[in-house]
Each structure stands twice: as structure tokens, then as C-alpha cells.
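Written out below as C-alpha cells is the structure these notes cover.
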Protein chains: 2
Amino acid sequence: MARLRENPEVRRAQIFDAAILMLGEQGFNGITVQRLAQRCGVSNAGLLHYFPSKDEILLGVLDELERREADIVVPLIAAAADKASEGAGASRGLVLELLRSMLERFAARPDLGRFLVVMQAEALHREHLANAWFRDREAMTIDLFADLLATLAAEPRRTARQLVALLYGLGQIWLRGDRDFDLLATWDSAVAALIPERR
Amino acid sequence: MARLRENPEVRRAQIFDAAILMLGEQGFNGITVQRLAQRCGVSNAGLLHYFPSKDEILLGVLDELERREADIVVPLIAAAADKASEGAGASRGLVLELLRSMLERFAARPDLGRFLVVMQAEALHREHLANAWFRDREAMTIDLFADLLATLAAEPRRTARQLVALLYGLGQIWLRGDRDFDLLATWDSAVAALIPERR
DNA sequence: TTGATTACCGAACATTTGGTAGATAGCCTT
DNA sequence: AAGGCTATCTACCAAATGTTCGGTAATCAA
């Protein structure tokens with residue numbers, strides 16, 4: 001075989017992308033180390049050079065994802081908090097804006113969204129490899145939303161759960177239906193309905 | 001091995017139940033014909049006597065599910081339609097009631113709910129065995145909801161999608177979190193917020 | 001230039017997988 | 001009681017799977 005030696009970081013990123021794509025299409029047990037390797041133009045053993053086992057591929061992807069997400073979401077929230085401190089607490093408009101930007105991130109990367117949707121469902125089982133990861137992630141998201149809604153909703157945790165549920169569900173419907181409706185508009189209108197206007 | 005000859009319909013039902021349970025836990029590619037057979041107290045070949053292949057197991061389960069669902073949902077809607085005809089069109093209260101009863105069905109069978117959530121996500125890919133089934137089911141659900149909302153919402157299809165999304169998402173969060181919140185109450189409050197009151 | 005490091009390969013392995021073939025035994029009809 | 005039907009078994013198979021091993025060549029530091 002033609003032996004092409006790639007920059008390790010480039011190859012790692014390539015594997016990361018391919019794994020997200022294929023895992024989103026076929027699920028964890030649906031993919032094969034071999035097929036993933038093929039898509040990366042690398043042999044079976046070549047792939048295992050980067051991740052010691054198939055399990056570690058998934059865990060590695062989640063790990064990397066977490067890192068990248070932190071880099072994006074944290075500043076987003078910080079910016080919102082900044083604006084908020086100008087006024088008094090998080091205003092309704094500000095929260096709506098923040099929520100919208102989260103969905104925009106989803107809409108911008110359908111492959112990533114599909115990966116999350118599929119793996120999240122597969123990881124429902126307590127003994128799934130990634131159960132803890134998605135559990136923690138979900139708990140943090142609900143906590144975050146509840147905090148944002150502290151002064152805006154009578155029952156912040158309940159409303160937070162409703163918003164997260166809507167996020168999951170709309171994303172999935174949007175993906176299944178070939179994105180044949182306006183995701184952002186549907187989201188905005190639901191969010192506006194779920195977060196009562198101050199009066 | 002002890003050869004226990006079971007009534008075919010009983011065995012079929014047993015396989016159906018076991019398949020729903022295991023598919024919900026481990027996904028389609030996560031289960032094995034052998035393990036499913038074991039749980040049914042039958043040999044590998046014994047199971048294949050009922051379904052000619054692994055694929056047919058899933059398709060058979062979906063088929064059976066559809067049949068049972070029709071037997072439940074259709075009368076439910078018919079009853080609502082009956083009540084509606086007494087007044088003028090579907091009233092808001094009636095629709096809320098109908099939606100609630102759908103979620104009650106979900107809550108009553110967590111194993112079935114998990115099966116649907118997991119398979120639905122795995123079937124997102126166009127080439128998945130069950131893609132068409134879930135596509136059709138989703139389209140029908142959205143159509144049904146939109147019809148119910150025809151006179152209640154300014155944009156019935158949009159609101160319908162929001163409700164379906166909420167149904168998916170809340171179900172999943174509820175299952176992942178060990179059902180540690182009041183699903184029905186959370187659903188009711190969201191539905192009430194999403195379907196505007198007539199004025 | 002040299003030597004060490006490491007990205008990557010081919011081949012092999014044990015195990016698991018979905019599926020088949022033929023035998024056998026429990027049930028129903030007659 | 002006899003005979004057919006079929007639910008179920010044991011045994012088997014070819015293919016696929018995750019992982020390991022020893023090697024090879026590209027890159028980099030000295």
C-alpha cells in the first residue's frame with residue numbers, strides 16, 4: 001500500500017470528523033473499526049494507533065467534543081452575563097437571544113447534531129459506554145437553563161426541562177424531515193411561548 | 001436441552017416483548033439473535049423459526065406495534081371526535097385532554113417508550129431498515145396534531161411540530177433521569193403554554 | 001549524517017455473528 | 001393408535017469483528 005505519512009494532529013482531526021459522521025449515521029455498534037479506518041484512508045491497525053480500542057474512539061470523540069464546546073459555550077454565556085450586569089439580572093430578551101444562538105450552533109452542523117441525537121438515544125441504557133457523559137451533559141444543560149430562568153419563570157427547572165426537550169425533539173424532527181421547515185423560527189416561537197412575558 | 005413446546009402465539013408475544021426490551025436497551029446492532037433467543041428460553045434456530053432473519057425481527061416488531069397502536073389510538077380519537085361534534089369543532093380543553101392521554105400511554109410503558117426513542121434515533125439515517133416506518137409515523141403524527149389544532153393555533157403545523165418535539169424530548173429526559181420529575185405535569189404546562197387560549 | 005522516534009502496514013488470531021440443514025419430539029386430527 | 005404437522009434442538013458454516021504482533025519507512029533531533 002502507498003504509505004502516506006500524515007501529520008498526527010491532522011489525522012486525528014480527520015478521524016474525529018469521520019467518526020462523528022459515521023457514528024451519526026450508523027450508531028456505535030453499526031460502525032466498524034475497519035470501515036472507519038477506510039474512510040480515513042488508513043489501515044485497520046493504523047487507526048488503532050490513534051485510539052487503543054473501539055470504545056476509546058467514542059470516548060475520545062466525546063472528550064474532544066467537550067473541550068471544543070467549552071471553548072464556544074463558555075464565552076457565549078460570559079458575554080450574556082456581561083450584558084446582563086449592565087441592567088438588573090438576566091433580561092428576557094437576553095435569554096431568548098442566548099437560547100437562539102445555541103440552536104444556531106446546532107443548525108450549522110447537522111452532522112454533529114445527528115451524532116449527538118443518535119448517541120444520546122443509544123446511551124439511554126445505564127450500562128452504555130457513554131451513559132455517564134450524556135447524563136452529566138444533560139444535567140448541566142438543565143441547570144444552566146434553570147439558572148437563566150431563575151427570575152423569569154415560576155418554576156425554572158420545569159421550564160428548563162421543557163426547553164431542553166424541545167431542543168432535542170425539534171432537532172431530531174428537523175433532521176429526519178430533510179430540514180424542510182424553518183428550525184429557528186419554530187424554536188423561537190416555542191421559546192417565546194414557554195417563557196412567560198413579564199408583566 | 002429440555003424441549004419445551006410452547007403455544008406459538010404465546011412464544012411470538014414473548015419474543016415481541018423481549019425484543020422491545022432488548023432493542024430499547026442496546027439498539028439494533030447491539031443485540032444478537034443468540035441473546036434474544038436466550039432471553040426467550042429458545043435456541044438460536046428456535047427463534048429464527050419465527051422470524052426468518054434478524055432484520056425481520058425488527059420489522060415484525062414494528063408491524064405488530066403498528067397494529068396494536070391503531071387499536072388504541074383510533075378509538076381514542078374517535079371518542080374525542082364524538083365529544084367534539086356535540087359542541088362546535090375541537091375545543092381547546094378537548095385537545096389538551098387528548099394530548100394528555102397520549103402521554104399517559106407513553107408513561108405507562110417505559111420499556112416501549114425507550115424502544116421507540118432509541119430506534120427512532122437510530123433510524124434517522126435514510127438507509128436504515130426502519131427509516132421509512134418512523135418517517136411515516138412522524139408525518140402522520142404531525143398531520144394529526146395539526147388537524148386538531150386547525151382552529152386553535154395560528155400556525156397549526158408549526159405548533160404540531162413543537163408538540164411532537166416536546167413529546168420526544170420530554171420522554172427521553174424522563175427516561176434518562178430515572179423518571180425523577182413529574183412527566184405529566186411538565187407536559188401539561190408546556191402544552192398549555194404552546195396552545196394559546198382563545199380570547 | 002546518523003540514530004531515535006513514531007506513523008503506519010500486512011498478516012494473523014480467537015471470537016462472535018447471522019444463518020442453514022437435518023434430526024427429533026410434542027401436539028392435533030383422524 | 002397412527003400419522004402428519006411443526007416447534008424446537010444440535011451441529012455446523014462462512015464471514016466479519018476487535019485486537020495484537022512484528023516489521024518498515026518517514027520524520028526529526030543531534
Side-chain angles (χ1 to χ4, degrees), chain A residues 1-23 25-62 64 119 122-123 125 127-130, chain B residues 1-23 25-62 64 119 122-123 125 127-130:
Chain A
M1 250 274 153
R3 187 169 288 223
L4 179 62
R5 196 190 183 93
E6 190 62 85
N7 176 325
E9 295 187 21
V10 171
R11 179 118 293 162
R12 201 167 257 277
Q14 181 192 17
I15 295 173
F16 178 78
D17 288 342
I20 284 186
L21 191 82
M22 293 185 66
L23 285 169
E25 279 177 0
Q26 324 182 32
F28 181 73
N29 288 299
I31 73 165
T32 281
V33 174
Q34 307 232 25
R35 284 208 301 270
L36 178 57
Q38 246 168 359
R39 180 175 280 258
C40 298
V42 163
S43 80
N44 195 333
L47 176 57
L48 269 307
H49 170 68
Y50 287 89
F51 297 91
S53 74
K54 191 187 175 188
D55 284 8
E56 291 297 326
I57 295 174
L58 174 55
L59 295 176
V61 166
L62 292 176
E64 174 66 18
M119 293 314 298
E122 289 192 341
H125 190 39
E127 277 151 49
H128 190 282
L129 239 187
Chain B
M1 251 271 156
R3 187 173 288 221
L4 179 63
R5 197 191 182 91
E6 190 60 86
N7 176 325
E9 294 186 21
V10 171
R11 178 118 294 160
R12 201 166 256 278
Q14 181 191 18
I15 295 173
F16 178 77
D17 288 342
I20 284 187
L21 191 82
M22 294 185 66
L23 285 170
E25 279 178 359
Q26 322 182 33
F28 182 73
N29 288 298
I31 74 165
T32 281
V33 175
Q34 307 234 22
R35 283 208 302 270
L36 178 58
Q38 246 168 358
R39 180 176 281 258
C40 298
V42 164
S43 79
N44 191 335
L47 176 57
L48 269 307
H49 171 69
Y50 288 89
F51 298 92
S53 74
K54 191 186 175 187
D55 284 7
E56 291 298 325
I57 296 174
L58 174 54
L59 295 176
V61 167
L62 292 176
E64 174 67 18
M119 293 315 297
E122 289 193 342
H125 191 39
E127 277 151 47
H128 189 282
L129 238 188

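Below, read A as the first sequence line, B as the second, and so on, with proteins coming before strands; counting in each chain starts at 1.
What separates CG of A:Leu48 from C1' of D:dG22 is a distance of 16 Å, to the nearest Å. Between the CD atom of A:Gln26 and the P atom of D:dT17 there is a distance of 11 Å, given to the nearest Å. For A:Leu47 and C:dT6, the CG to C1' distance is 16 Å, given to the nearest whole Å. A:Asn44 places its CG atom 20 Å from the P atom of D:dG23, with the value rounded to the nearest Å. Rounded to an integer number of Å, the gap from B:Gln38 CD to C:dT17 P is 10 Å. Atom pair B:Phe51:CZ and C:dT20:P shows a separation of 16 Å (rounding to whole Å applied). Note: CD (A:Gln14) to C1' (C:dA7) measures 13 Å, nearest angstrom. What separates CG of A:Asn7 from C1' of C:dT5 is a distance of 15 Å, to the nearest Å.
The closest side-chain donor-acceptor pair between B:Arg11 and B:Gln14 falls under 3.5 angstrom.
In this structure, A:Lys54 contributes its side chain and A:Asn29 its backbone to no donor-acceptor pair below 3.5 Å. At least one donor-acceptor pair closer than 3.5 Å links the side chain of B:Ser53 to the backbone N or O of B:Glu56. Looking only at distances, no side-chain donor or acceptor of A:Glu64 sits under 3.5 Å from a matching main-chain atom of A:Phe16. A donor-acceptor pair under 3.5 Å links the side-chain atoms of B:Ser43 to the main chain of B:Gly46, judged by distance alone.
The residue among A:Tyr50 and B:Val33 whose nearest nucleotide of DNA chain C lies closer to the 5′ end is A:Tyr50. Comparing A:Ile31 and B:Gln34 along DNA chain D, the residue whose closest nucleotide (by nearest heavy atom) sits nearer the 5' end is B:Gln34.
Closest to the side chain of A:Glu6, out of D:dG18, C:dC8, D:dC5, is C:dC8. Nearest to the side chain of B:Ser43, among C:dA7, D:dT17, D:dC9, sits D:dC9. With C:dT17, C:dT20, D:dC9 as the candidates, the nucleotide lying closest to the side chain of B:Val42 is D:dC9. Considering only the side chain of B:Arg5, C:dC27 comes nearest among C:dC8, C:dC27, D:dT17. Nearest to the side chain of A:Ala45, among C:dC9, C:dG19, D:dT10, sits C:dC9. Of the candidate nucleotides C:dA7, D:dT8, C:dG18, D:dT8 has the atom lying nearest to any side-chain atom of B:Arg11. Side-chain atoms of B:Lys54 lie closest to C:dG19 of the nucleotides C:dG19, D:dG18, D:dT8.
B:Arg35 comes within 4.0 angstrom of the backbone, heavy atoms only, and of no base.
In terms of phosphate contacts, B:His49 brings no side-chain nitrogen or oxygen within less than 4.0 Å of OP1 or OP2 of D:dT8. Between A:Ser53 and D:dG18 there is no side-chain N or O to OP1 or OP2 distance below 4.0 Å.
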